[in-house]
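Per chain, numbering begins at 1; letters A, B, ... match sequence-line order. Please read all numbers here as calculations on a predicted model, not as lab measurements.
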Amino acid sequence: MRPALLPGAAVLVSLAGVLLARDAVASPLFELAGSTTGDGGFNAGVTGESSSATYFNPALLPYAPQSFETGTVVLTDQISVILDGRAGGDVPLVVGDRALVGADGRPISNATVPTPWLENGCTPQQCQPPLFRKRPRQAAGSSGQVRAYQVIGLVSHIVPKRLVLGLHALVPLGTFTTARSFYNDEREQFFSNSLHPELFGDRMTATSIAFGPGVKIAKNLSIGLSFTLNLTNDAQAATYVRSSANYDQLLVDTNVGVKAAVAAHGGVAWRPVERLRLAATFHQEQKFVIATGIKAALPSGQESETTRTQVHDFVPWTVGLGGTVEVAKRERHTISVAGSLKYAAWSRYLDRHGDSPAVFGPRFAWKDTLSPTVGLRHASGGMREYLDVTYVPSPVPEQSGRSSYVDSDRAGLTIGADYTFEAAGLKWRPGLSLQGHKVLHRYNRKTDALVLDEVPDDAVDAQTRLPVPGARGLQTNNPGWPGFASEGWVYGGAATIAVIY
Amino acid sequence: MARRRKHMLAVIGLAALTLGACAEDRILPVGGALCGNGEVDEGEDCDSASAGCVRCKVAPGWECDDTGCKTKCGDRILAGTEECDPPDGKTCDSSCWRGTKPAACDLSGYWIARQTNFSTDKVLNGTQTSTNWFFYKIAQTGGAFTVTRSLFCGIQVSGSADVRLAEASARRLMYQNPQHEATADRGGNVRTGSFASNGKGGCDFFMAAHWYLRGAGPGHLPPLPWKAQVDPGTSSFAGLAALPSKDASTGAVDLEGGGKPGAAYDVTGILSGRRFVVQRDWEWRRSDADHPVAENALEFVAADLFDGQENILSVTCPGTDCSLIASGSFADNNAKHRVTMRWLGAALSDARVRRVAAAEPGGDEKVDLATCEQVRLALPHDRSRK
């Protein structure tokens with residue numbers, strides 16, 4: 001194949017990849033941390049020619065030097081959840097006897113347990129062993145973790161400065177990937193009985209690997225297409241329930257399948273004049289899907305089965321526009337300003353149980369967001385420094401109803417520097433960066449009428465048909481009731497080194 | 001110097017940011033005085049008008065839930081209507097009622113009993129614990145005793161499903177299978193036994209076998225006189241007329257009077273609905289090495305030997321699929337069934353008897369229903385397998 005045809009072939013191969021794309025594991029980590037190599041920072045879609053361009057804007061790859069990069073990134077999420085004290089609203093103990101019916105004689109839903117069981121567990125006087133264990137409210141919050149990652153990058157010029165392949169990965173050290181699901185309403189009472197930040201936590205353990213080419217198709221115009229790669233899981237569990245009270249006797253067969261999946265990302269970079277570069281990016285919607293089939297057979301000869309789909313690490317499709325311009329160039333010093341605007345389609349969000357927040361009502365559907373980022377860059381000889389600030393509005397509307405998605409606006413700042421020098425016949429570029437995100441304080445007050453009343457007011461004792469004490473008014477174990485607030489920080493830093501050859 | 005100061009400030013600022021940026025989940029206290037609103041708010045242990053709830057804190061010797069407060073017998077604190085604490089079986093029973101039983105190894109007087117049996121449900125193989133309650137008047141001469149009055153005070157089952165007799169069936173069954181007489185329409189037998197000193201400071205207790213039939217007419221029990229003991233190891237139901245069943249319900253009796261044959265039981269819990277059943281079972285009682293009986297004991301626990309049969313004739317339930325509640329249970333022959341016997345007193349005028357019964361049983365249905373309610377409260381359903 002003649003070299004001139006290579007760029008076109010690469011694009012064709014890439015397009016084929018897009019057509020074959022399935023649900024992919026996403027890179028919420030890339031979106032949060034920005035570029036941790038080079039000087040891309042939070043503006044990596046428009047500047048910062050390093051391996052990280054593979055994800056943020058592969059059209060910048062032809063401007064990146066052929067190199068190998070590695071380093072360590074440390075990030076911590078420290079987001080506090082503050083619950084309002086409960087003034088009443090307890091689900092009464094008598095519900096535990098399951099001897100309640102509605103006024104129409106139909107049994108009330110089994111979808112609740114007495115609030116005292118959650119606070120103290122069920123006592124031997126109330127339940128048969130093994131006993132329901134206590135799950136105090138917010139005793140199992142998930143924030144406050146420190147995580148380390150290995151960053152690996154590779155830039156390879158197949159056709160120098162014309163067709164360039166890039167690879168960029170952020171791999172968690174320790175637990176490879178965590179996918180933890182939780183409900184955002186009263187159903188969580190059976191599990192952690194706590195609220196969890198929706199867009200952090202386990203999303204920060206997503207292994208993020210991007211690869212793809214960038215092509216310079218004209219002197220001042222380049223395009224690129226890349227992919228993030230990860231896994232899609234299918235798990236089937238068939239069980240035979242010998243005793244409902246002793247799951248030690250459960251018989252289980254499992255069948256687990258893992259598929260590779262990709263999602264596509266692309267970009268364009270155009271330099272109309274020497275001092276100005278404009279860029280546009282798109283990122284395909286990404287999510288990590290775990291489909292779990294559960295089949296249960298009972299000694300009575302009855303069988304039941306269901307499939308539950310969990311969605312993790314959802315990242316919406318995004319479109320970004322931005323540019324960078326040199327505002328001062330004097331002797332060896334260059335100062336430039338970068339800015340970008342990113343549109344994210346969060347209205348398509350699926351939570352960890354595969355539900356759209358709109359299931360809680362149209363007013364609780366998530367919103368698309370527009371995030372601005374601006375920054376400064378300075379280069380002098382082999383030294384480069386940068387500073388970016390960004391503001392990321394929350395897509396989550398006020399949580400006054402059943403749902404309690406914990407999220408709020410975020411303001412971020414990152415600073416970084418690297419220095420290029422020659423040694424042993426190679427160019428070396430060590431770099432350091434720090435970043436901090438203030439997760440702004442946000443308070444959500446529940447409206448009782450919008451929260452699920454777990455014990456109907458007309459519930460009566462199934463035998464005596466007498467009213468149930470404590471059934472009047474609202475009874476709920478929604479961990480977010482009667483209100484909750486959240487605030488905190490996400491911060492960390494990176495130390496990297498690039499070998500340019 | 002100025003540069004150094006700036007660096008120091010930067011380091012201190014970074015440290016302050018890091019220390020102040022640790023996640024801390026917490027629950028805020030509830031503002032305002034809510035004690036007395038009838039709901040247990042955060043920071044309150046209780047909120048009711050009971051003497052056991054003082055300024056929304058549980059008073060010593062009491063325990064409270066959202067249905068109210070009751071005294072906690074066994075905590076060594078005299079509270080409410082408790083007359084003694086802790087129970088010792090001789091002068092203080094398990095309801096913390098004081099008493100003294102003057103005659104050793106003598107059952108004469110009024111007694112209440114809680115019979116606890118275990119079975120296995122046919123759906124999930126879960127343990128079902130059932131309680132049968134009784135009220136007795138017993139006369140003893142020498143070492144032999146006879147039941148002279150009796151009431152059957154209901155059944156409660158808990159486990160995979162909770163089952164209670166429907167009210168109308170409970171009312172009818174109160175006088176069925178009497179243990180003080182044999183009648184043509186209600187079955188029964190005069191129940192006898194022995195209670196005598198074993199010469200080791202205790203008593204040997206034996207109460208002859210009694211058969212029970214619920215939801216079926218006469219002719220399904222063994223002919224009188226019944227054997228005093230039935231061997232659980234043999235097929236004790238062999239040779240008896242077959243119980244009415246779903247496919248052949250002739251002989252079943254509509255106890256509830258609602259048009260469906262069988263005794264009506266309400267099933268609640270994970271499964272919910274009404275079950276119409278016929279049941280036939282027997283039990284006899286004795287002291288043994290695991291269940292010694294002390295002389296002058298106010299209350300004692302004896303072994304209960306038990307087996308039963310059950311046919312479900314029909315079910316009704318709110319949903320369309322009632323099949324799950326159409327599955328019954330079978331006696332767990334490996335379990336240690338037991339009976340708790342509590343002496344109330346020698347005469348109706350005794351304070352301990354008056355706490356339970358206002359009149360001789362069998363005279364007035366309303367009074368007897370109230371007596372049975374007190375029996376159930378005095379010896380509540382106990383799920384433990386000890």
Side-chain angles (χ1 to χ4, degrees), chain A residues 76-90 92-94 97-101 104-107 110 114-116 124-129 136-139 141 143-145 194-195 241-246 249 298-300 302 434 436 462-464 469-470 473 485 488-489 491, chain B residues 14 17-18 20-32 34 37-44 47-48 63 65-68 120-127 129 158-162 164-167 170 266-273 317-319 323-324 327 380 382-385:
Chain A
T76 179
D77 60 326
Q78 301 289 343
I79 300 168
S80 304
V81 176
I82 304 114
L83 304 184
D84 283 354
R86 289 168 61 97
D90 285 3
L93 262 179
V94 66
D97 288 339
R98 303 283 161 209
L100 301 187
V101 294
D104 58 358
R106 301 175 76 89
N110 275 327
T115 308
Q125 288 75 37
Q126 296 162 352
C127 304
Q128 293 211 61
R137 232 168 30 125
Q138 209 51 39
S143 194
Q145 305 295 314
S194 301
L195 301 186
V241 185
R242 290 162 67 183
S243 168
S244 62
N246 184 359
Q249 298 180 11
L298 301 177
S300 62
Q302 293 180 299
L434 292 172
Q463 191 171 13
T464 64
W489 290 88
Y491 56 91
Chain B
L14 195 62
L17 176 72
T18 306
C22 289
E24 186 200 357
D25 292 354
R26 59 187 191 275
I27 300 174
L28 300 175
V30 178
L34 293 161
N37 67 356
E39 294 188 342
V40 181
D41 305 313
E42 207 141 275
E44 295 178 349
D47 198 334
S48 71
E63 54 191 356
D65 59 27
D66 45 40
T67 61
T120 304
D121 80 83
K122 293 176 184 172
V123 178
L124 297 172
N125 284 336
T127 297
T129 308
S158 62
S160 310
D162 293 334
R164 292 175 201 224
L165 271 172
E167 191 183 342
D266 286 327
V267 183
T268 51
I270 300 168
L271 319 167
S272 194
C317 65
S323 58
L324 279 174
S327 298
D382 176 9
R383 304 179 197 213
S384 72
R385 298 201 64 153

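Between chain B and the options A/P116, A/G141, A/P299, heavy-atom pairs under 4.5 Å are most frequent for A/P299.
Within a 6.0 Å sphere centred on CD of B/E63, other residues, nucleotides and ligands contribute more than 12 heavy atoms.
Looking at every heavy atom in both residues, A/C127 comes nearest to B/R383 through CA-NH1, 4.0 Å. Shown here for A/Q78 and B/A23, the closest heavy-atom pair between the two residues is OE1-N, 2.7 Å. For the residue pair B/D25 and A/V81, the shortest heavy atom distance occurs at OD1-N, 2.8 Å. Across every non-hydrogen atom of A/D84 and B/I27, the tightest pair is O-CG2, 4.2 Å.
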